[in-house]
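Heads up, the thing below is written out as structure tokens.
Lettering of chains follows the sequences in order, A, B, ..., and the numbering in each one begins at 1.
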Amino acid sequence: MGSSNLRHPQPVNNKYIFALVDCNNFYVSCERVFAPKLQGRPVVVLSNNDGCIIARSNEAKALGIAMGTPFFKAARFLSRHGVTVFSSNYPLYGDMSWRVMTTIKKLEPDVEVYSIDEAFIRLPHSAILDLPEYGRRIRNIVRQHTGIPVSIGFGPTKTLAKIANRFAKKEDKYQGVCDLSSTSAQPFLGRCPVGDVWGIGRQSSDKLQKQGITSALDLLKRDDGWIRRRLTVRGLRTVMELRGISCIELEKAGPSKSIASSKSFGYQVKSLNELREATATYVTQAAVKLRLQRSLAGCLQIYLRTNRFSRTQPYYAAGETIKLPEATADTALLIKLALQGLEKIYRPGLRYQKTGVVLSRLSPAQRRQLSLFADPQKNRDKLMSALDLINARWGRFTIQHGVAGFAKPWQHRQDRKSPAYTTQWADLPIVRASGQL
DNA sequence: TCTGGGGTCCTAGGACCC
DNA sequence: TCTGGGGTCCTAGGACCC
């Protein structure tokens with residue numbers, strides 16, 4: 001009884017208004033900053049291995065191109081309609097994101113960077129008289145400083161700010177800013193499909209549709225017990241938020257709780273040796289991130305899978321979880337354990353599509369728990385620092401463990417990648433004066 | 001031929017203990 | 001022949017997010 005009460009969502013407070021700042025078609029917008037002639041033209045950006053379409057300009061959306069469409073299925077359609085296609089360029093998007101977030105943080109103190117292209121802002125209630133005007137101001141400043149267009153939604157809760165943002169983006173009359181904090185949100189919720197609500201995904205949406213719940217407004221009207229039973233506490237939290245009761249606080253970023261690294265191969269890999277190279281490569285990448293956030297890993301998972309869409313061979317997926325005797329950030333040690341795990345789950349004769357590693361049970365590096373018989377770690381720490389320094393300066397595989405391979409033929413190529421305009425000197429864009437100025 | 005990658009949180013159920 | 005019940009901890013898997 002007591003504990004179930006504790007798990008009931010608790011309203012945080014209603015002293016604040018939340019704003020959600022969301023970059024429009026973010027990856028496409030990043031590409032357009034450096035290719036202005038693509039303004040007003042259809043553009044898409046592909047996922048990591050040129051696999052799926054993960055970002056679309058408005059013009060591409062208007063052509064009916066769906067999010068997540070496999071590229072190979074859409075390639076002909078895209079070229080027929082003159083759609084410009086980019087491989088994803090994460091150094092560029094990461095840097096542009098940093099610029100947008102820095103600009104927002106200069107304007108407001110309470111900012112949560114929620115994802116690469118979204119930030120929540122928390123504003124004291126009634127601190128600002130004209131929210132839409134304030135939203136337009138933020139919009140103009142971000143645009144001017146970074147070249148990225150954003151939309152802004154205001155609401156008394158994060159969930160309502162999300163919905164406000166959805167309208168700001170979808171309906172031209174709002175011109176990128178929509179405020180649900182001072183008016184009744186109900187008419188908007190009636191026009192918002194339940195599956196578009198933040199926290200209601202595919203599964204829940206299907207379940208709710210079958211119960212006749214199609215809009216956010218329908219959901220809001222159901223009683224707490226009914227929702228709790230079907231959607232768990234998280235669903236109930238969402239519904240409270242729709243009702244204007246804030247249950248999800250602003251969160252300042254801390255170190256992450258797990259770090260993953262994985263990628264699909266460029267071709268179907270059969271040999272254990274290539275899998276070992278890939279595994280060692282991904283462990284190396286994860287360990288760099290681990291040290292960057294000054295954490296140690298207490299647990300390592302390695303997994304392996306064949307192509308789940310294959311019609312010629314059965315699907316095989318397996319993983320191995322390894323608890324480390326003592327938390328570590330030592331690449332060599334992590335590689336050694338990962339390769340032991342890999343050999344356990346490797347089955348000869350199969351063609352593999354993907355492998356990956358996850359580091360978890362992370363703890364701060366300053367509070368290292370030494371085991372009684374451990375060797376002194378100091379030299380290993382220094383070695384890792386030197387490694388990171390060299391690779392940061394000269395490129396991420398300048399020095400690496402031999403087992404990670406050198407040619408890495410199994411890696412996927414990305415054929416349509418734009419230059420790293422803002423993070424590599426060699427890729428810096430060149431501007432020429434035209435004389436007509 | 002070709003279908004992404006990196007995260008978080010919650011729950012059910014098993015293991016274990018008394 | 002009889003074979004409890006309740007609490008806690010941990011983990012795998014599911015659902016969701018971008």
Side-chain angles (χ1 to χ4, degrees), chain A residues 2-4 7 9 20 22-23 25-27 44-55 66-76 85 87-90 93-94 97 112-120 158-159 162 165 195-208 228-238 247-248 251 253-268 282 285-286 289-290 293 298-299 301 303 305-312 315 317-323 351 353-362 412-415:
Chain A
S3 77
S4 81
R7 300 192 79 89
L20 177 67
D22 192 328
C23 301
N25 316 325
F26 182 55
Y27 297 168
V44 299
V45 177
L46 305 178
S47 65
N48 236 306
N49 291 316
D50 290 351
C52 300
I53 293 163
I54 54 166
M67 184 75 172
T69 308
F71 175 54
F72 74 90
K73 284 188 183 170
R76 292 193 59 183
V85 180
S87 298
S88 45
N89 183 348
Y90 285 100
Y93 311 150
S97 172
E112 170 187 345
V113 177
Y114 176 67
S115 73
I116 195 164
D117 67 339
E118 285 174 61
F120 284 105
K158 280 178 156 183
T159 305
K162 271 267 189 188
N165 194 290
D196 281 11
V197 175
W198 188 44
I200 306 294
R202 195 50 211 287
Q203 304 294 321
S204 303
S205 172
D206 287 353
K207 207 188 305 185
L208 291 168
R228 174 80 167 78
R229 273 194 303 282
R230 285 165 182 78
L231 303 179
T232 79
V233 280
R234 302 190 72 178
L236 186 49
R237 213 171 283 156
T238 293
C247 298
I248 305 174
E251 285 170 34
S256 65
K257 295 172 179 176
S258 67
I259 294 170
S261 180
S262 69
K263 239 175 225 83
S264 301
F265 298 123
Y267 52 85
Q268 311 267 302
Y282 303 148
Q285 283 167 207
K289 276 198 204 169
L290 185 68
Q293 68 166 45
C299 187
Q301 279 167 270
Y303 62 88
R305 61 186 55 151
T306 62
N307 187 347
R308 67 182 190 282
F309 298 102
S310 173
R311 290 182 189 165
T312 55
Y315 180 52
E320 179 76 10
T321 301
I322 299 153
K323 274 182 204 156
R351 289 168 319 192
Q353 191 232 353
K354 178 177 182 173
T355 183
V357 299
V358 184
L359 304 177
S360 56
R361 299 197 172 196
L362 308 188
H412 211 293
R413 295 216 321 277
Q414 294 184 300
D415 299 329

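The side chain of Val233(A) lies closest to dC10(B) when the candidates are dT8(B), dC10(B), dC17(C). Of the candidate nucleotides dC2(B), dG4(B), dT8(B), dC2(B) has the atom nearest to the side chain of Phe72(A). Checked against dC17(C), dC10(B), dG4(B), the side chain of Lys162(A) finds its nearest nucleotide in dC17(C). Checking dT8(B), dA12(C), dC2(B) against every side-chain atom of Thr321(A), the shortest atom distance belongs to dA12(C). Of all nucleotides listed (dC16(C), dC18(C), dG6(B)), dC18(C) comes nearest to the side chain of Glu118(A). Each of dG7(B), dC10(B), dG4(B) was ranked by its minimum atom distance to the side chain of Asn48(A); first place goes to dG4(B).
With rounding to whole Å, Glu251(A) atom CD is found 11 Å from dC9(B) atom C1'. We find that CZ of Arg237(A) is positioned 14 Å from P of dC17(C), with the value rounded to whole Å. The distance from atom CZ of Phe309(A) to atom C1' of dC2(B) is 11 Å, rounded to the nearest whole Å. For the pair Lys263(A) NZ and dC2(B) P, the computed distance is 20 Å after rounding to whole Å. Rounded to whole Å, atom P of dC17(C) lies 14 Å from atom CG of Asp117(A). Taking atom OH of Tyr27(A) as the reference point, atom P of dC18(C) lies 12 Å away to the nearest angstrom. The CZ atom of Arg229(A) sits 17 Å away from the C1' atom of dT11(B) (whole-angstrom rounding). A straight line from CZ of Arg351(A) to P of dT3(B) spans 12 Å, rounded to a whole angstrom.
Classified by interplanar angle (parallel below 30°, tilted 30° to 60°, perpendicular above 60°), the ring pair Tyr93(A)/Tyr27(A) is parallel.
At least one side-chain nitrogen or oxygen of Lys354(A) sits closer than 4.0 Å to the OP1 or OP2 atom of dG5(B). Within the 4.0 Å cut-off from OP1 or OP2 of dG5(B), not a single side-chain nitrogen or oxygen of Lys289(A) is found. Listed pair Ser115(A) / dG7(B) fails the phosphate criterion, with no side-chain N or O lying under 4.0 Å from OP1 or OP2. For dC16(C), the OP1/OP2 oxygens have a side-chain nitrogen or oxygen of Ser204(A) closer than 4.0 Å. Taking side-chain N and O atoms only, Ser264(A) has a distance below 4.0 Å to OP1 or OP2 of dG5(B). Contact annotation: Gln353(A) reaches the phosphate of dT3(B) (side-chain N/O to OP1 or OP2, under 4.0 Å). In this model, the phosphate group of dT11(C) is approached by a side-chain N or O of Arg361(A) to a distance below 4.0 Å at OP1 or OP2. Look at Arg228(A) and you'll find a side-chain N or O under 4.0 angstrom from OP1 or OP2 of dT11(B). The side chain of Lys323(A) contributes an N or O atom lying less than 4.0 Å from OP1 or OP2 of dT11(C). Distances shorter than 4.0 Å separate none of the side-chain N or O atoms of Ser47(A) from OP1 or OP2 on dT3(B). Between Arg202(A) and dC17(C), a side-chain N or O to OP1/OP2 separation shorter than 4.0 Å is absent. Between Asn49(A) and dG5(B) there is a side-chain polar atom (N or O) within less than 4.0 angstrom of OP1 or OP2.
At the heavy-atom level, Ser88(A) lies nowhere under 4.0 Å from the strands shown. Residue Tyr114(A) is classed as a sugar-phosphate contact, given heavy-atom separations below 4.0 Å to backbone atoms only. Ile200(A) comes within contact range of the sugar-phosphate backbone alone, with a heavy-atom separation under 4.0 Å but no base atom that close. In this structure, Val113(A) reaches neither bases nor backbone, as no heavy-atom distance under 4.0 Å exists between it and the strands shown.
Nucleotide dC18(B): paired with dG5(C) (Watson-Crick or G-U wobble, both distances less than 3.5 Å).
Looking only at distances, no side-chain donor or acceptor of Gln353(A) sits under 3.5 Å from a matching main-chain atom of Ser264(A). Checked by atom type and distance alone, the side chain of Lys289(A) never pairs as donor or acceptor with a backbone atom of Ile259(A) at under 3.5 Å. Between the side chain of Asn165(A) and the backbone N or O of Leu20(A), at least one donor-acceptor pair lies under 3.5 Å. Side-chain atoms of Ser47(A) come within 3.5 Å of backbone N or O of Cys52(A) as a donor-acceptor pair.
Distance noted for atom P between dC17(C) and dT3(B): 25 Å (whole Å).
Between Gly68(A) and Ile259(A), it is Gly68(A) whose nearest contact on DNA chain B lies nearer the 5' terminus. Both Ser258(A) and Asp50(A) lie close to DNA chain B; mapped to their nearest nucleotides by heavy-atom distance, the more 5′-ward contact belongs to Asp50(A).
Atom CG in Asn48(A) sits 7.5 Å away from atom CD1 in Ile54(A) (nearest 0.5 Å).
A salt bridge is absent between Glu251(A) and Lys158(A): the closest approach of a Lys/Arg side-chain nitrogen to an acidic carboxylate oxygen does not fall below 4.0 angstrom.
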Pair Val357(A), Gln301(A) - check side-chain contact (heavy atoms from CB on, under 4.5 Å), show working.
CA-CA 5 Å; Val357(A) 299; Gln301(A) 279 167 270; over 6 Å; no
